[in-house]
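This report refers to the structure that appears directly beneath it.
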Number of protein chains: 2
Amino acid sequence: MTSSYKEKKVIGIGIVHELTGLSERKIRYYEERELIFPARTAKGTRKYSFSDVEMLMEIASMREEGVQTTEIKQDMNKAQKRKIRDHMRRGQLNAQFNMRK
Amino acid sequence: MTSSYKEKKVIGIGIVHELTGLSERKIRYYEERELIFPARTAKGTRKYSFSDVEMLMEIASMREEGVQTTEIKQDMNKAQKRKIRDHMRRGQLNAQFNMRK
DNA sequence: CGTGTAAGGAATTCTGACACG
DNA sequence: CGTGTAAGGAATTCTGACACG
């Protein structure tokens, strides 16, 4: 059930700029590099979630350390795989648990 | 600590319209009647929180039942007082608890 | 590669008002 | 009282491009 406020794409780019301190140019560029995935309204304006905002802040600090967008993307993929692996392991444990009762 | 995503004023009126189904006219009118209190950006555009969105949905259903905005506001005040009363009672209990240990 | 900027258009939002009831 | 709408202006956002490096 991933329908929390944190994931809802409702924030305009102007507010994201205020929240993160990043220029709109940068925000759009990180999307182009596929580091974030805003939604679009019917007429094409971008909408971000609080999750996206947090990701942007992480991107910002990595960029400050000189990390390139490509590397950031690789890190994201690793983190994602770790998450899936953990998720599956938990599923297995639950399966075992259910077998026993 | 009321700094959760739910309270952050980051949503434009267009999205609030999509989320609630209310016309922008209605949304602005309920503000005029002091039922909701959006923030304003530096240049004057309204920003709402998820909390405001929820309140709007409650307002919407009360209006459908024919409840007038004035009455809705009174209900809000009652709910608010109840909240404060409960909050204080809890504070008292905590105080007593702390006395004993 | 990452980011700034000027350009022109399209979409958004704002206010005050008139309308109806 | 509650809500729609047309009006005109101001602010927002979008894309594609040129610039620098």
Side-chain angles (χ1 to χ4, degrees), chain A residues 8-77, chain B residues 8-77:
Chain A
K8 280 228 159 192
K9 307 271 188 179
V10 296
I11 313 177
I13 198 168
I15 295 291
V16 172
H17 158 66
E18 280 185 30
L19 258 31
T20 61
L22 295 169
S23 67
E24 300 186 2
R25 180 68 166 95
K26 285 180 179 177
I27 297 169
R28 294 197 189 99
Y29 181 67
Y30 299 148
E31 175 185 1
E32 188 184 322
R33 302 315 308 268
E34 303 181 272
L35 299 179
I36 49 170
F37 306 91
R40 295 279 184 145
T41 64
K43 287 166 194 159
T45 77
R46 274 168 265 248
K47 292 300 167 187
Y48 303 82
S49 66
F50 282 111
S51 235
D52 292 328
V53 170
E54 288 188 2
M55 177 57 108
L56 281 168
M57 297 181 75
E58 285 185 41
I59 293 169
S61 48
M62 294 188 78
R63 285 292 304 123
E64 276 175 38
E65 291 167 24
V67 186
Q68 294 194 328
T69 56
T70 319
E71 304 177 76
I72 296 176
K73 188 170 182 187
Q74 286 168 2
D75 284 10
M76 278 177 52
N77 290 337
Chain B
K8 280 229 160 192
K9 308 271 188 180
V10 296
I11 313 177
I13 197 167
I15 294 291
V16 172
H17 158 65
E18 280 185 29
L19 259 31
T20 62
L22 295 169
S23 67
E24 299 186 2
R25 180 69 165 95
K26 285 180 179 178
I27 297 169
R28 294 197 188 98
Y29 181 66
Y30 299 148
E31 176 186 0
E32 188 184 323
R33 301 318 306 270
E34 302 181 271
L35 299 180
I36 49 171
F37 306 91
R40 296 278 184 145
T41 63
K43 286 164 194 161
T45 78
R46 275 168 265 249
K47 292 301 167 187
Y48 303 82
S49 65
F50 282 111
S51 235
D52 292 327
V53 171
E54 288 188 2
M55 177 57 108
L56 281 168
M57 298 182 75
E58 285 186 40
I59 293 168
S61 47
M62 294 187 78
R63 283 294 303 124
E64 276 176 37
E65 290 168 24
V67 185
Q68 295 193 328
T69 56
T70 319
E71 303 177 75
I72 297 176
K73 189 169 181 188
Q74 284 168 3
D75 283 11
M76 279 177 52
N77 289 336

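All chains are named by letter (A, B, ...) in the order of the sequence lines, taking the proteins before the strands, and each is independently numbered beginning at 1.
Atoms CG (B:L56) and C1' (D:dG2) sit 15 Å apart, rounded to a whole Å. Per the geometry, CZ belonging to B:R28 stands 13 Å off P belonging to C:dT12, to the nearest Å. Separating the CD atom of A:E34 from the C1' atom of C:dG2 is a distance of 16 Å, rounded to the nearest angstrom. Counting to the nearest Å, the P atom of D:dT3 and the CD1 atom of B:I27 are 11 Å from each other. Atom OH in A:Y48 sits about 13 Å away from atom C1' in D:dT12, given to the nearest Å. Taking atom CD on A:E32 and atom P on D:dT15, their separation rounds to 10 Å, with Å as the unit. Remark: P of D:dG16 and OH of A:Y29 are 16 Å apart, rounded to the nearest angstrom. Rounded to an integer number of Å, the gap from CD of A:E31 to P of C:dT3 is 15 Å.
With distances taken from any side-chain atom of A:Y30 to the nucleotides C:dT3, C:dC14, D:dC14, the minimum falls on C:dT3. For A:R25, whose side chain is taken as the heavy atoms from C-beta onward, the closest listed nucleotide among C:dC14, D:dT15, C:dG4 is C:dG4. Nearest nucleotide to the B:R33 side chain, out of D:dC14, D:dG4, D:dG2: D:dG2. The A:K43 side chain lies nearest to C:dT12 when the options are D:dT5, D:dG2, C:dT12.
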Would B:D52 and B:K9 satisfy side-chain contact (heavy atoms from CB on, under 4.5 Å), going step by step from the backbone distance to the final call?
CA-CA 9 Å; B:D52 292 327; B:K9 308 271 188 180; 2.8 Å; yes
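Within the nucleic acid shown, A:T69 comes within 4.0 Å of sugar-phosphate atoms alone, with no base atom in reach, counting heavy atoms only. At the heavy-atom level, B:S23 lies under 4.0 Å from the strands shown only through sugar-phosphate atoms.
Salt-bridge formation is detected for the pair A:E24/A:R28: a Lys NZ or Arg NE/NH1/NH2 atom is positioned less than 4.0 Å from an Asp or Glu carboxylate oxygen.
With B:Y29 as reference, B:R33 is the one residue of B:E31, B:K26, B:R33 to meet the side chain to side chain donor-acceptor pair (under 3.5 Å) rule.
With a 4.5 Å cut-off on side-chain heavy atoms, B:I11 and A:K8 do not count as touching. In this structure, A:M55 and A:Y30 have side chains that are not in contact, with every pair of non-hydrogen atoms separated by 4.5 Å or more. Counting heavy atoms from C-beta on, the side chains of A:I72 and A:E58 never come closer than 4.5 Å.
In secondary-structure terms, DNA chain D builds stems of at least 3 consecutive Watson-Crick or G-U pairs, each pair having both distances under 3.5 Å, at C:2-5 with D:17-20, C:17-20 with D:2-5.
Mapping A:E24 and B:Q68 onto DNA chain D by nearest heavy atom places B:Q68 closer to the 5' end of the strand. Residues A:R63 and A:K47 both approach DNA chain C. Their nearest nucleotides, taken by heavy-atom distance, put A:R63 toward the 5′ side.
How far CD of B:E71 is from CE of B:M62: 8.0 Å, rounded to the nearest 0.5 Å.
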